[in-house]
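Lettering of chains follows the sequences in order, A, B, ..., and the numbering in each one begins at 1. The structure presented is a predicted model; accordingly, all values stated were derived computationally and were not measured.
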Amino acid sequence: MTNHWNDIANADVIMAIGSNPAENHPAAFGHITDAKERGAQLISVDPRFTRTSAKADIYSPLRSGTDIAFIDGMIKYVLDDIDHNPGNYNMSYIKEYTNAAYLINPGYKGPADLDGLFSGYAGGLNETDGNKRKYDKSSWQFQLDEKGIPKRDMTLQDPNCVFQIMKRHFARYTPEKVNEITGAPVDTFLQICQTYATSGQVGKAGTILYAMGTTQHTYGAQNIRSYCILQLLLGNIGIAGGGINAMRGESNVQGSTDHCLLFHILPGYLKVPDDTDDTLDKYLERVTPKSNDPKSANWWQHTPKYMVSLLKAWYGNAATRDNQFGFHYLPKIETGKNYSHISLFEAMYSGVIKGMMCWGQNPAVGGPNANLERLALGELDWLVVTDIWHTETANFWQRPGVNKADIKTEVFLLPALNSFEKEGSVTNSGRWSQWRYAAAAGPGVAMGDLWMLDWLARKLMEMYANEGGPNAEAITQLNWNYGHEHPDVHAVAKEINGYDLTTGKLLPSFTKLMDDGTTSSGNWLYCASYTEDGNMAARRDPTPGPFNIGLYPNWSWCWPVNRRIIYNRASVDLNGEPWDKNHPVIWWQGDKWVGDVPDGGWPPMAVDPENTKYPFIMKPEGHARFFGPGMAEGPLPEHYEPWESPIKNPMSPQQSNPAFKIWRPDEQGTPDKYPIVCSTYRLCEHWQGGQMTRNMPWLIEMQPEPFVEMSEELAAKIGIVNGEKVIVESTRGQVYLTAVITKRFKPFQMNGTTVHQVGIPWHWGFTGLSTGDSANKLTPHVGDANTMIPEYKAFLVNIRKV
Amino acid sequence: MAEKAILYDATRCTACRGCQAACKQWNENDEFIPTVENGVQSVNRGSYENPPDLSPTTWLKMEFREVTPDGKVRWLFNRRSCMHCTDAGCVKVCPSGALYHHELGFVAYDKDICTGCGYCEDACPFDVPRYERNFVSGIAKMDKCTFCTTPGLDRIAGGWEPACVKTCPPDALQYGDRDQLVAEGKKRVEALIAKGWTNANLYGEKELGGLHVMYVLDDHPAVYGLPVDPQISAATIAWQDVIQPIGWVVGGLTILGLGFNYLVARANINREKEKKDAARS
Amino acid sequence: MELSRRDFLKTSGAAMGGIFMLGALNPDIAHAVTHKFLPLKKKIGEKTTICPYDASGCGFIVATENGRVVNIEGDPDHPINRGGGCAKGASMRQLSANNPWRLSKVLYRPPGGLNWEEKDWDWALTEIARRIKDTRDANFTELDSKGNLVNRTEAIANLGGSALDNEECYLLSKLTRALGVVYLEHHARI
């Protein structure tokens with residue numbers, strides 16, 4: 001989230017798209033209710049009518065996987081309206097804070113010119129050769145002046161400027177085209193455009209609340225970009241009640257992402273080294289962005305300080321300038337190789353991976369193509385699972401239909417402590433790191449994961465010290481001292497924050513980090529979370545704070561540096577005056593900023609043009625990107641169909657995203673055999689892979705088993721009645737489920753074409769008190785072109801009566 | 001002393017069912033009973049709504065209704081539990097005094113002195129009380145929402161709102177002085193009417209002398225499955241005002257009454273069992 | 001943090017006294033009788049926690065008696081949920097050690113084994129450390145085919161993290177990287 005949960009109450013318009021906060025983030029709904037009481041409009045856009053839709057002022061259906069067409073259509077509406085009513089929009093924001101005025105390489109061509117592709121594509125239309133499914137992005141780059149600074153046309157008239165390129169790109173997304181692709185009725189779509197566009201007025205705020213309905217597509221990242229473009233056009237980023245807000249699904253998925261339990265990043269989102277990085281300097285040269293513009297803060301220029309401080313936290317005195325601060329202790333990935341979830345299970349299936357540790361995760365239910373992932377687990381020599389329940393992953397060797405004796409994998413199942421049986425912090429969607437306490441004892445011999453990790457690390461350090469091994473120093477030299485028997489969680493939290501190694505004092509902020517080895521910080525983003533003033537995450541001051549916009553600055557702690565709304569310097573005009581004086585986030589008063597922690601303390605752009613900086617400090621050029629030249633499948637969002645789609649792409653001859661990796665082409669379902677669109681999702685009463693709810697009688701009683709929801713029209717076609725059992729099948733597998741026949745699903749009417757969609761909650765599996773078939777037996781092993789998030793939300797199935 | 005009540009605003013409710021769970025959590029119902037045999041309803045019946053009915057351990061459940069006025073789908077949520085009537089049929093017929101009006105107006109319940117006669121079930125215009133017989137002791141007992149005043153679990157005496165109200169994330173449930181909640185409910189109904197919900201109404205202000213659970217609705221009560229103009233049956237009134245006063249004076253009648261009590265209780269148990277069986281089949 | 005017994009009202013403005021201060025019966029209610037009062041048989045709360053389900057980060061308060069969790073309900077001071085809790089949050093007590101289905105033993109299933117076997121921590125962790133070392137050392141790439149120093153193993157994967165605390169995630173990141181693990185993933189990507 002750029003903003004945070006309480007801030008939703010400041011919004012004038014709220015659009016929930018790709019999300020269902022009433023069911024999956026119910027507490028958030030308190031803040032949505034507050035906003036509605038103030039008169040805010042709630043818009044729900046979803047393939048099915050959800051509990052969120054039930055509370056919405058406007059609901060529109062859209063076929064799964066067509067967000068880009070829907071949002072691009074809204075962007076077209078706004079761009080057209082800007083032509084006619086520029087006074088209704090914040091043109092100063094658009095010109096000064098975004099790259100609307102940037103000039104793009106004249107060689108750039110878009111999908112309107114190239115049948116749905118962008119310039120620089122290596123392959124042809126609908127390319128299947130994996131080596132050619134990529135772009136040379138040189139024609140997408142910004143034109144630079146003689147100093148190396150992006151050229152701008154502040155009149156926004158140059159045909160090569162981003163604003164004009166956008167007008168050409170989005171003009172194709174007419175309301176009729178939107179209907180033809182998405183199935184959203186034209187009148188409802190236009191009503192949503194009109195309503196949401198009101199947040200473009202100076203002083204008004206609109207927020208977009210999204211979740212996995214947005215990300216779990218082969219173009220999920222591009223879905224989010226379309227939201228960002230809309231929000232930037234409406235001046236909604238950085239302001240109270242605005243933002244682009246990912247509502248995340250697990251209590252600490254934000255924290256686990258911040259600490260980068262992901263193959264491509266190190267704690268604090270530092271890029272991982274690859275095989276071209278011979279030296280630390282070469283690595284830093286490669287990953288540290290540069291800017292020639294003195295007005296660009298280019299915050300990532302500080303990467304060397306963060307990386308060296310990370311190495312000092314990990315290797316302490318063993319990290320010296322002479323050994324490049326232990327840089328070669330770290331593994332280097334193969335350049336260009338992807339090691340993400342799908343790749344991981346493919347590597348396991350093919351026998352590359354021999355052993356796995358699995359900490360509170362249940363891929364046998366939650367992973368895509370679950371049949372395949374369960375088979376892959378059987379290729380392991382050993383598997384370690386820590387959890388508080390029996391899970392399908394730990395028990396994959398005794399799943400229904402297999403001969404246990406044939407599965408040679410050794411499995412260790414370690415009983416862990418739950419959230420209130422141990423002490424530590426978790427970071428919520430709004431980036432608040434909150435401390436929680438050990439309130440009760442765990443069952444039997446259960447122990448915390450911290451204890452297990454500490455024990456294993458100390459054992460491995462001992463084994464490598466005694467026996468040696470390849471790159472043994474990476475283990476023996478670890479700076480690992482958290483206590484003797486029971487690791488002290490506060491010592492770990494302090495290490496994450498970091499120290500001034502010359503004084504031994506905890507650092508107050510990441511601005512103090514150095515690249516010379518005199519500071520340490522396990523995660524620069526969390527530097528300021530545990531200082532000499534104490535554990536900031538444990539703070540409990542319930543006062544709302546400056547300007548009464550509900551920042552709660554002294555409740556817990558928020559990264560970065562307790563800034564509650566990021567990019568907040570876009571919430572003010574060039575003089576530092578808030579666009580919305582009723583809901584200011586920051587305000588330049590006299591010679592200083594008042595309010596939230598500003599995104600850099602530089603003076604406003606018009607007050608001190610010499611010393612100011614542009615507000616989007618994390619971008620090397622300092623401006624928010626309408627035009628994103630780094631994306632895999634194009635600098636602007638273009639509609640493509642999901643990998644499995646019931647129709648031909650109405651927008652262009654390019655059927656699906658041209659840049660994602662196709663793992664198993666023979667497993668692609670086609671509409672002749674699998675004519676129905678299917679999506680997976682969650683219920684309020686259950687959670688994720690189900691291990692945390694399918695052993696809880698109160699919740700099981702409310703939602704006792706999995707089901708498939710469908711329209712009355714489809715049920716009539718199949719010939720079934722409500723509550724009857726059906727088989728749902730894709731090319732990957734089949735599931736046996738109860739049919740819930742409902743008015744909340746409706747066939748999509750897309751300019752004469754009818755498409756049926758169904759949905760299945762994915763919480764179930766074969767262990768626990770409540771068992772049932774796993775929806776992920778149906779889902780494909782394909783993922784987003786940029787992030788590799790699997791396409792859980794749109795695939796093809798057939799349904800038959802049992 | 002001001003009467004207390006709960007105001008339920010169906011237009012705010014998202015049916016997250018925090019209330020349904022919090023009721024069980026606080027009142028220690030169904031803590032670890034996982035099997036069909038022991039009472040957890042374990043099938044999906046083609047709806048999100050579950051369990052299928054109130055029970056001795058389910059005092060509050062959310063109802064889900066799909067309606068299509070003007071062709072557009074609406075998903076309506078409704079809170080189903082004891083309405084805590086002022087003219088309470090159950091209190092009128094309860095021979096043991098187990099059901100009674102609390103000082104604060106709502107209908108409280110002392111399970112220790114319930115004889116399991118089952119009259120209250122028939123007397124309730126909202127079909128709320130539910131019975132269970134202990135097959136070892138043979139004793140039958142009624143259960144229903146106690147407004148969180150079960151002895152030993154009395155939140156109201158502690159100055160805390162009922163568990164369902166406390167847990168409601170969108171503040172669809174409020175607890176407070178009944179007068180104030182009536183005024184608040186009317187205000188919200190007016191706001192709904194102004195927004196075009198011309199059938200909006202406050203349910204429970206006047207019904208049965210005034211309910212202690214009132215509903216802000218954006219449509220007719222019947223659309224939400226609530227009885228329009230609920231009444232206590234004539235038989236219930238007769239029992240309370242005529243038969244019971246005479247009956248308890250005469251010892252013979254008392255004995256007869258107890259025998260009758262047993263028969264009624266048995267009949268209720270059987271009926272309950274049949275209902276459950278039917279729901280599972 | 002430690003809490004003493006406290007006011008659990010959702011909105012402090014709505015606080016009211018206990019019924020003993022409220023005086024006489026309501027004359028409008030003919031059948032009112034004096035309500036039987038027993039002291040609360042369970043504690044209300046002691047320590048604050050954060051909900052383990054979605055990433056709203058709602059606050060809850062846990063009460064225990066003799067090591068048993070007797071009550072968990074929303075933290076009324078918490079700005080996000082203000083005392084509230086959805087179905088999952090309100091059911092959180094069933095996550096406690098009281099739940100008979102919680103894992104309470106270290107379990108091991110040998111290759112081709114038909115059942116779980118109970119083990120102790122020392123044995124299990126020592127064996128796991130041995131598996132990690134043997135697999136890593138037998139499948140470690142110091143120099144790749146082009147002669148680049150890469151110090152990685154592709155034979156060990158590590159999954160998980162979103163259910164862990166920050167401090168655990170951080171140490172897991174640190175340990176797995178030290179081991180040279182590159183197949184490192186968790187819930188964020190799925």
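Ion pairing of D75(C) with R540(A) is present here, as a side-chain N (NZ or NE/NH1/NH2) and a carboxylate O approach within less than 4.0 Å.
In this structure, H390(A) and W116(C) have tilted ring planes: the angle between them lies in the 30° to 60° band.
Heavy atoms closer than 4.5 Å to chain C are found in both the backbone and the side chain of W698(A). Neither the backbone nor the side chain of D381(A) comes within less than 4.5 Å of any heavy atom in chain C. With a 4.5 angstrom heavy-atom cutoff, T126(C) touches chain A via backbone and side-chain atoms both. In this structure, chain C has a heavy atom under 4.5 Å from the side chain of D278(A), while its backbone stays farther away. With a 4.5 angstrom heavy-atom cutoff, H4(A) does not touch chain C via any of its atoms. Only the backbone of P110(C) comes within contact range of chain A, with heavy atoms under 4.5 Å apart. When heavy atoms are compared at a cutoff of 4.5 Å, V272(A) approaches chain C solely by way of its side chain, counted from C-beta outward. Both the backbone and the side chain of V426(A) come within less than 4.5 Å of a heavy atom of chain C. Residue contact with chain C, scored on non-hydrogen atoms closer than 4.5 Å, is absent for F29(A). The contact between M447(A) and chain C is made by backbone and side chain atoms together, counting heavy-atom distances below 4.5 Å. Contact annotation for Q398(A): only side-chain heavy atoms (C-beta onward) come within less than 4.5 Å of a heavy atom of chain C. With a 4.5 angstrom heavy-atom cutoff, W314(A) touches chain C via backbone and side-chain atoms both. For I789(A), the parts lying under 4.5 angstrom from a heavy atom of chain C are both the backbone and the side chain. Looking at A537(A), neither its backbone nor its side chain comes within 4.5 Å of chain C, counting heavy atoms on both sides. In this structure, the portions of Y53(C) lying under 4.5 Å from any heavy atom of chain A include both its backbone and its side chain. Using a 4.5 Å cut-off between heavy atoms, N139(C) touches chain A through its side chain atoms alone. Heavy atoms closer than 4.5 Å to chain C are found in both the backbone and the side chain of D449(A). Heavy-atom distances place no part of P544(A) under 4.5 Å from chain C, backbone and side chain included. Of the two parts of N66(C), neither the backbone nor the side chain holds a non-hydrogen atom closer than 4.5 Å to a non-hydrogen atom of chain A.
No other option in E142(C), R130(C), K146(C), M92(C) has as many heavy-atom pairs under 4.5 Å with chain A as R130(C). The residue among I50(C), V106(C), T153(C) with the most heavy atom pairs within less than 4.5 Å of chain A is I50(C). The residue among V69(C), N99(C), D144(C), V181(C) with the most heavy atom pairs within less than 4.5 Å of chain A is N99(C). If you tally non-hydrogen atom pairs under 4.5 Å between each of G67(C), G113(C), A188(C), A124(C) and chain A, the highest count goes to A188(C). Among T49(C), L159(C), V150(C), T64(C), the residue making the largest number of heavy-atom pairs under 4.5 Å with chain A is L159(C). Considering only heavy-atom pairs separated by less than 4.5 Å from chain A, the leading option among I72(C), L114(C), V62(C) is L114(C). Heavy-atom pairs under 4.5 Å with chain C peak, among G355(A), G444(A), A474(A), C684(A), at G355(A).
Between Q94(C) and P697(A) there is a side-chain heavy-atom pair separated by less than 4.5 Å. Within the 4.5 Å cutoff, the side chain of L413(A) has no heavy atoms near those of the Y108(C) side chain. Residues L175(C) and L453(A) are in side-chain contact: their nearest non-hydrogen atoms beyond the backbone lie under 4.5 Å apart. Put simply, the side chain of D165(C) does not reach to within 4.5 Å of the side chain of E423(A), judged on heavy atoms. Counting heavy atoms from C-beta outward, E185(C) and L261(A) have side chains that stay 4.5 Å or more apart. Residues M696(A) and L95(C) form a side-chain contact, since some pair of their non-hydrogen atoms from C-beta on lies under 4.5 Å apart.
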Worked check of side chain to side chain contact (heavy atoms under 4.5 Å, CB included) between H259(A) and L172(C): CA-CA 9 Å; H259(A) 294 299; L172(C) 190 54; over 6 Å; no
After noting the C-alpha distance and the side-chain angles of Y464(A) and D137(C), does the key distance pass the side chain to side chain donor-acceptor pair (under 3.5 Å) rule? CA-CA 10 Å; Y464(A) 276 92; D137(C) 292 0; 2.5 Å; yes
Go through the steps for K422(A) and E168(C) under the test side chain to side chain contact (heavy atoms under 4.5 Å, CB included), then give the verdict. CA-CA 11 Å; K422(A) 63 186 181 185; E168(C) 293 167 335; 2.9 Å; yes
Could you please spell out the steps behind the salt bridge (charged side-chain N to carboxylate O under 4.0 Å, His left out) verdict for E421(A) and R102(C)? CA-CA 13 Å; E421(A) 293 161 355; R102(C) 278 283 300 274; 2.8 Å; yes
Audit row: D54(C), R682(A), salt bridge (charged side-chain N to carboxylate O under 4.0 Å, His left out) steps and yes/no: CA-CA 11 Å; D54(C) 74 52; R682(A) 303 199 286 127; 6.0 Å; no
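Here the closest heavy-atom approach between residue A347(A) and residue Y183(C) is recorded as CB-OH, 3.3 Å. Nearest heavy-atom pair, K88(C) versus E23(A), reported as atom, atom and distance to 0.1 Å: NZ-O, 4.4 Å.
N428(A) contributes a side-chain N or O that, together with a main-chain N or O of S56(C), makes up a donor-acceptor pair within less than 3.5 Å. The backbone N or O of L414(A) sits nowhere less than 3.5 Å from a side-chain atom of W121(C) that would complete a donor-acceptor pair. N151(C) places a side-chain N or O within 3.5 Å of a backbone atom of H328(A) that can act as its donor or acceptor partner.
Within the model, atoms NZ of K174(C) and CG of N523(A) stand 12.5 Å from one another, a figure rounded to the nearest 0.5 Å. In this structure, S91(C) OG and M692(A) CE are separated by 11.5 Å, a value rounded to the nearest 0.5 Å. Here the OG1-OH distance, from T48(C) to Y437(A), works out to 5.5 Å after rounding to the nearest 0.5 Å. Atom CH2 of residue W5(A) and atom CD1 of residue I80(C) lie 8.5 Å apart, to the nearest 0.5 angstrom. Annotation: the span from W435(A) atom CH2 to E167(C) atom CD amounts to 4.5 Å, rounded to 0.5 Å. Atom CZ of R109(C) is separated from atom CD of E410(A) by 9.5 Å, given to the nearest 0.5 angstrom.
When only modelled atom types and interatomic distance are considered, N252(A) and N166(C) share a side-chain donor-acceptor pair under 3.5 Å. Inspection of the W382(A) and T135(C) side chains reveals an N or O donor paired with an N or O acceptor under 3.5 Å. With no hydrogens or angles considered, a side-chain donor-acceptor pair links N158(C) and W359(A) at under 3.5 Å. A donor and an acceptor atom, one from each side chain of E495(A) and Y170(C), are located under 3.5 Å apart.
Taking the ring centroids of H78(C) and W555(A), they lie under the 6.0 Å cut-off.
The environment of K119(C) atom NZ is dense: over 12 non-hydrogen atoms of other residues, nucleotides or ligands sit within 6.0 angstrom.
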